Structures are given as C-alpha cells and as structure tokens.
2 protein chains.
Amino acid sequence: MFSKSCEYGIRATIFIASLCYNDTKVGIKEIAQEIDSPMAFTAKILQVLVKNDIIKSSKGVRGGFMVLKEDLKRITLSQIVVAIDGDSVFLRCGLGLSNCSEDHPCPVHEKFKFVKQDLAFMLENTTLEEVSIGIKKGTTFLKY
Amino acid sequence: MFSKSCEYGIRATIFIASLCYNDTKVGIKEIAQEIDSPMAFTAKILQVLVKNDIIKSSKGVRGGFMVLKEDLKRITLSQIVVAIDGDSVFLRCGLGLSNCSEDHPCPVHEKFKFVKQDLAFMLENTTLEEVSIGIKKGTTFLKY
DNA sequence: TTAATAAAAGACATAAATGTCTTTTATTGA
DNA sequence: TCAATAAAAGACATTTATGTCTTTTATTAA
Ligand code: FES
Ligand code: FES
C-alpha cells in the first residue's frame, strides 16, 4: 500500500504527536526506538515532514522534533502520505496505465474508482489527533 | 497498490482471456505489444500464472498462451494478485507492523480494516469474464 | 526424423528503494 | 566564547524490484 518510508513517517509522526500535550521535544534516537525503525533512515524521512510543515524541529542542545498542539486537528494522514509517497495511491491507474481517466479507462477502472475514493476519503478525514490518542492511552501500538 | 509484475500479470491475463472465445492461443510477443510491457519480463510473470492454473500454455509450433472458456467465471482478480504479489495487500498492517490483529492494533487499524476489506471483496468478486468483455468490445483499454 | 517454433528456465544487468555513515550547521547553556 | 548537542545535508552501501539475454525443453508440421 505505502512505501516503507511512508509507514515509518506516519508512525513517527503519530508518536511525536502523542507527546505534544506536554510540549516535549523528542530526539530521533527515542523516536526510532519507539517505532522500531532504522534511525538514520527515519531521520531522512523526518526532514521531509519538517519541510512539509507537518512536524517542527529544532537543532542543538534541547532540540528535537515536535508537533504543534494546534496542528493536531489540521494535519491528516493524507498530508503525510502525499508528502512522502505523493498522490499516486489515490490517483494512479490500478493496472499501471499512464493516466487514469474516465475517457480511457482500464478494465478495472470502475471497480478501483470506489476503493481509491474510499481510501482517499479515509486518509483525508483522519486527523493526527484522532490516531495519536490511542498511543497516549496505550490502546494502540506503533511497533511489533 | 500492486507491483509492476502484478499489473503486467493482470493486464496480460485480461488480454489473453479476451481472445479465448475463438480458442486462439497467443504468443508472448503479441501479448507484450498489446499491453505495452517488456516482453521478457512479462514472459516470466506468465510462467507464474501458468503454474497457478490461471492461464494455460503450450510450447512449440502453434504454441502460446490461452485461458479456458470455462475458467472465465472461475478466475478472479484476487487469484491473480495472490499468485503474483501474495496476500499482503489485504492482510498486511497499513503501517507495517509485523502482524495486523485486533489484539495488537496500530493506530489506523480500525480505519484500514474497511478499506482492505473492500479491496479484498472487490478483487474476490470480479471475474476474468467481467473485465475481459470491455476489451473484446473495445470500451476499455490495456495500454496508454 | 528433422527443422522450425515458442515457452521454460536460469544467469545476468539495471534501476529504485531502503538503509548507513560522515560532515556540516544551528542552538544552547556553561 | 566555547564545548556539547542534535538535526540537516550529502555521500555511500545494500537490498529488492524490474528488466534482459542465452540456453534448454517440448511441440508440431513437413
Ligand atoms: S484507468 Fe485504470 S484505474 Fe482508472
Ligand atoms: S495493525 Fe495496522 S492495520 Fe491492523
């Protein structure tokens, strides 16, 4: 469904968000531990998320990553996915034709249309707040 | 969504199926042309589909690939996908956790569940017959 | 029975995704 | 001002997916 990069990116963002209630910044080492991901690789992905205004970062002593409390309702899964993997998951032809359109449909176009719409709708309407609550409460998990 | 292999595999199978009404076998060269795919690579994928009883093949003069008419209703997109990519698209955790379960859900488990179910249902209930009709009639396309 | 044919099989090549390491830059607190 | 810290940046390494080429095997028709 998503690339590894995207999976790590979502997991990292949710973890960082789950800590934002106490305004704590968190370092890449702890993030990688908590989501069980390769540290250096995850760091690269976080750079993209920072550039896309999804998470904030600060360098130096007491630096780290954080999500702004006011962003919890604004940021959706869709924004994270698009930042890392692009919009191909929703828009691409399911059979790999160069462009997916009603004018030149592949044999599964009508069927895939709904699945892709559902996925897009779900991602666009799922906020960071919603998915980070479970982590804070301990009812959902980010590793194993 | 699917791997390139799987995309080519589905397209090839649909094309072969669209010809099965006149019991014509078709060679790899023509298949690759009609679905605009790399010929040698596509040949490899077709080997897998033959092994999985999705298409038939015969070697030598007047040999080629075909789909049995009686298989048109039996074969579903799901079978093709599983043969090539496995069942990870339906079963894997959307965030890459090692196993997706109600007992140890990731933060998007409840949301993804429905999307994955819908996809699985669609693929399991879409027959080769259904998707090859459009190709025969010329209302759907396998390339560009 | 042989030559032509076409898929199967396997070795090899290339590109893309994933992952690691080192150096640089910015920040902070002593 | 300086040393310590941590992210950013960039070069590099490894693995996986994608794609190609050659040889082998099976089939057919002459
Ligand atoms: S053309 Fe293939 S999904 Fe739209
Ligand atoms: S545990 Fe992640 S989708 Fe089920």
Side-chain angles (χ1 to χ4, degrees), chain A residues 1-13 15-16 19 24-67 81 83-86 88-89 92 95-96, chain B residues 1-13 15-16 19 23-33 35-67 81 83-86 88-89 92 95-96:
Chain A
M1 186 84 69
F2 305 134
S3 68
K4 277 280 165 204
S5 295
C6 195
E7 290 175 356
Y8 296 149
I10 297 173
R11 274 152 62 189
T13 305
F15 174 64
I16 299 167
L19 299 176
T24 30
K25 281 174 201 154
V26 57
I28 183 61
K29 192 174 169 187
E30 186 179 348
I31 294 169
Q33 271 168 10
E34 289 303 316
I35 71 171
D36 188 41
S37 69
M39 188 175 80
F41 189 50
T42 307
K44 290 288 180 194
I45 298 160
L46 294 191
Q47 289 180 29
V48 173
L49 296 175
V50 168
K51 287 211 183 77
N52 281 270
D53 256 320
I54 290 165
I55 62 179
K56 305 295 170 189
S57 72
S58 49
K59 290 183 179 179
V61 179
R62 308 190 58 77
F65 298 91
M66 65 178 301
V67 165
V81 171
I84 300 174
D85 276 355
S88 62
V89 184
R92 202 163 168 280
L95 297 189
Chain B
M1 185 83 72
F2 305 134
S3 69
K4 277 280 163 203
S5 295
C6 195
E7 290 175 356
Y8 296 149
I10 296 173
R11 274 152 62 189
T13 305
F15 174 64
I16 299 167
L19 300 176
D23 284 312
T24 31
K25 281 175 200 155
V26 57
I28 183 60
K29 193 175 167 187
E30 185 179 349
I31 294 169
Q33 271 167 9
I35 70 172
D36 188 41
S37 70
M39 187 175 80
F41 189 50
T42 307
K44 289 289 179 194
I45 299 159
L46 293 191
Q47 288 181 30
V48 173
L49 296 175
V50 169
K51 286 212 184 77
N52 282 269
D53 257 320
I54 290 165
I55 62 179
K56 304 296 170 189
S57 72
S58 50
K59 291 183 181 180
V61 179
R62 307 190 56 78
F65 298 91
M66 64 177 301
V67 165
V81 170
I84 300 174
D85 276 355
S88 62
V89 184
R92 201 162 169 283
L95 297 189

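Quantities reported herein were computed from a predicted structural model and do not represent experimental measurements. Every chain is numbered from 1, with letters handed out A, B, ... down the list of sequences.
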When you get a sec, tell me which of D:dA9, D:dA8, D:dT18 is the closest nucleotide to the side chain of B:S5? D:dT18
To the nearest Å, give me how far apart NZ (B:K29) and C1' (C:dT5) are. 13 Å
Looking only at non-hydrogen atoms, find the nearest pair between B:I84 and B:I45 and report the distance. CD1-CG2, 3.7 Å
Let me know the distance between CD1 of B:I16 and C1' of C:dA7, rounded to the nearest Å. 12 Å
Here the distance between atom P of D:dA17 and atom NZ of B:K4, to the nearest Å, is 15 Å
Just by distance, do the side chain of B:S37 and the backbone of B:Y8 share a donor-acceptor pair under 3.5 Å? no
Nearest heavy-atom pair of B:G9 and B:L49: which atoms, and what distance? O-CD1, 3.7 Å
Whether B:Y8 contacts D:dT18 is assessed here as follows: a side-chain N or O lying under 4.0 Å from the phosphate OP1 or OP2. Is that the case? no
In the 5'-to-3' direction, what one-character label does each nucleotide of nucleotides 20-30 of chain D receive under the scheme B = base within less than 4.0 Å of a protein heavy atom, S = sugar-phosphate only, - = no such atom? BB---BBBBS-
Please determine whether a side-chain nitrogen of the Lys or Arg among A:R92 and B:E7 lies less than 4.0 Å from a carboxylate oxygen of the Asp or Glu. yes
Check the pair A:I10, A:F2 against side-chain contact (heavy atoms from CB on, under 4.5 Å), reporting the backbone distance first and the verdict last. CA-CA 10 Å; A:I10 297 173; A:F2 305 134; 4.2 Å; yes
For A:L46, answer base if it contacts any base atom (sugar-phosphate contacts may also be present), sugar-phosphate if it contacts only those atoms, and nothing otherwise; contact means non-hydrogen atoms under 4.0 Å. nothing
What is the distance, to the nearest angstrom, from the CD1 atom on A:I84 to the C1' atom on C:dT18? 14 Å
When you measure from the side-chain N and O atoms of A:S57 to the phosphate of D:dA6, is any distance below 4.0 Å, counting only OP1 and OP2? no
Please report the distance, rounded to the nearest Å, between NZ in A:K56 and P in C:dT27. 15 Å
Just the rounded figure in Å: distance from C1' of D:dA17 to CD of B:E7. 13 Å
Any side-chain N or O of A:Q47 below 4.0 angstrom from OP1/OP2 of D:dA7? no
What integer distance in Å separates B:I31:CD1 from C:dA6:C1'? 11 Å
Taking the basic N atoms (NZ, or NE/NH1/NH2) and the acidic carboxylate oxygens, is any pair closer than 4.0 Å for A:K29 and A:E34? no
Taking all non-hydrogen atoms of both residues into account, name the closest pair between B:A12 and B:T42 and its distance. CB-CG2, 4.4 Å
From CE of A:M66 over to P of D:dA7, roughly how many Å is that when rounded to an integer? 13 Å
